[in-house]
Amino acid sequence: MGMASYRNGDVHAETESATRATVEVRGLPLGPTTFALIAGPCSVVASDVTLRVARDVKTAGATMFRGGAFKPRSEHRSFQGLGRRALPILAEARAATGLPIVTELLDVRDIEAVLEVADLVQVGARNMHNTPLLKALGEVDCPVLLKRGLAATIDEAVKAADYIRCGGNERVVLCERGIRTFETAYRFTLDLAAVPILQDRSGLPVLVDPSHAAGRRELVPSLSKAAVAVGADGLIVEVDEDPDAALSDGPQQLRSRDFAAYAAEVRRLAEGEGRQMLE
Ligand code: PEP
Ligand code: MN
């Protein structure tokens, strides 16, 4: 695939070809014939709970473990995450379960610390337009989970991915996590039609995050089914032991005791679509 340079403002990666890439995360091939189920708490708070949730999602068949160390919160008084103190906890979770770790890099100044534990480094929705961060991640040897901005068009999301790819890092996975519309009955509008279009225009794997879209846990199973049906290459879903006690995004997190049934249903549907669950 011929890649353009940053200097040429109106040229981006050649993404017209319908062939879709497979992106490896610690040997796990994310792509058109597989299905990834990434699960874990919104934010990492304590080591004991984090390890229990990691073991629960591993037992239920999750592909990777997610957990936020650095949290992009709307309100400055809200819990901002444990920051660097959460990183050893994530490393412990990986050592205990073998699950690859997905965590967000919020600030380019933390890139080295975060990459020590991240197997798939997340760029959150609020940073999709942060070009210095995208450029920095173009130069690292770590796959990137790039979430579509909450007010970004499909074209802008593909162009953000090209910032990373043009820097030399081809291992990018996109994620549809809901966009802001006039609707207020749920948190964001999950743009399912974006999934096949993003896949086609970028050639990259595309995940769906039903948790941040819904904002409410009772909507998560049905949005997950819809994501499988529309051809998503995986899901990233928030799960905590006691979401009511969570310091961020409690209402949208599945309870870890309910996760096994949820994961079994996702597996059944994904396999029905001819995909191999990654574990
Ligand atoms: C998250 O994954 O915890 C998160 C903050 O997601 P988003 O960037 O999609 O809001
Ligand atoms: Mn969250």
Side-chain angles (χ1 to χ4, degrees), residues 36-45 49-50 53 57 62 64-76 78-83 86-87 89-90 100-107 110 114 118-130 133-134 137 143-152 154 156-157 160-161 172-181 186-192 194-195 198 206-217 219-220 223-224 227 232 234-256:
L37 178 56
I38 303 170
C42 178
S43 47
V44 171
V45 177
V49 184
T50 306
V53 177
V57 301
M64 299 181 213
F65 183 65
R66 64 147 289 153
F70 299 94
K71 299 306 303 177
R73 305 304 300 283
S74 304
E75 172 78 53
H76 74 91
S78 301
F79 177 61
Q80 304 286 310
L82 291 185
L87 300 176
I89 301 176
L90 288 168
I101 299 297
V102 183
T103 197
E104 177 164 354
L105 173 67
L106 196 56
D107 184 322
D110 296 311
V114 169
D119 296 295
L120 175 62
V121 61
Q122 175 170 316
V123 174
R126 287 157 190 81
N127 257 330
M128 194 209 82
H129 292 291
N130 183 340
L133 191 64
L134 302 176
L137 288 172
V144 179
L145 177 63
L146 176 63
K147 297 184 91 170
R148 179 184 180 190
L150 45 104
I154 290 172
E156 287 167 336
V172 182
V173 176
L174 289 168
C175 179
E176 163 58 38
R177 46 78 71 211
I179 52 174
R180 181 157 284 159
T181 67
Y186 42 67
R187 196 173 179 193
F188 294 98
T189 298
L190 185 60
D191 183 6
L192 286 169
V195 173
L198 283 168
V206 178
L207 309 185
V208 164
D209 174 346
S211 306
H212 288 89
R216 290 195 274 137
R217 80 175 58 82
L219 295 176
V220 168
L223 292 183
S224 302
L235 290 160
I236 177 165
V237 59
E238 289 189 336
V239 181
D240 210 342
E241 190 172 77
D242 180 10
D244 296 334
L247 298 181
S248 58
D249 287 349
Q252 71 195 29
Q253 304 200 61
L254 298 180
R255 294 191 173 84
S256 48

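Whatever order the structure lists ligands and atoms in, that order sets their numbers, starting from 1.
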Inset, instruction - Quickly, which of Leu145, Val144, Ile236, Leu146 forms a side-chain contact (heavy atoms from CB on, under 4.5 Å) with Val173? Name it, please. - result: Leu145

Legend entry - Residues in the immediate environment of ligand 1 (any heavy atom closer than 4.0 angstrom): Arg66, Lys71, Pro72, Glu104, Gln122, Gly124, Ala125, Arg126, Lys147, Arg177, His212, Glu238

Legend entry - Over all atoms of both residues, closest heavy-atom pair of Ala157 and Leu198: CB-CD2, 4.1 Å

Legend entry - Asp249 and Arg187 ion-paired at < 4.0 Å: yes

Legend entry - Check: Ser78 main-chain N/O paired with Gln80 side-chain donor or acceptor under 3.5 Å: yes

Legend entry - Check: Arg217 side chain, Ser211 main-chain N or O, donor-acceptor pair, under 3.5 Å: no

Legend entry - Short N-O contact, Arg255 and Asp240, less than 4.0 angstrom: no

Legend entry - Nearest atoms (heavy-atom pairs only) where Ile38 meets Phe65: CG2-C, 4.5 Å

Inset, instruction - Check salt bridge (charged side-chain N to carboxylate O under 4.0 Å, His left out) between Asp119 and all other residues, then give those that pass, not counting sequence neighbours. - result: Arg26, Arg94

Inset, instruction - Only counting residues at least two apart or in another chain, list the ones meeting salt bridge (charged side-chain N to carboxylate O under 4.0 Å, His left out) with Arg216. - result: Glu218

Legend entry - Contacts of the Mn ion (ligand 2) with protein N/O/S atoms, counting only those under 2.8 Å: Cys42 SG, His212 NE2, Glu238 OE2, Asp249 OD2

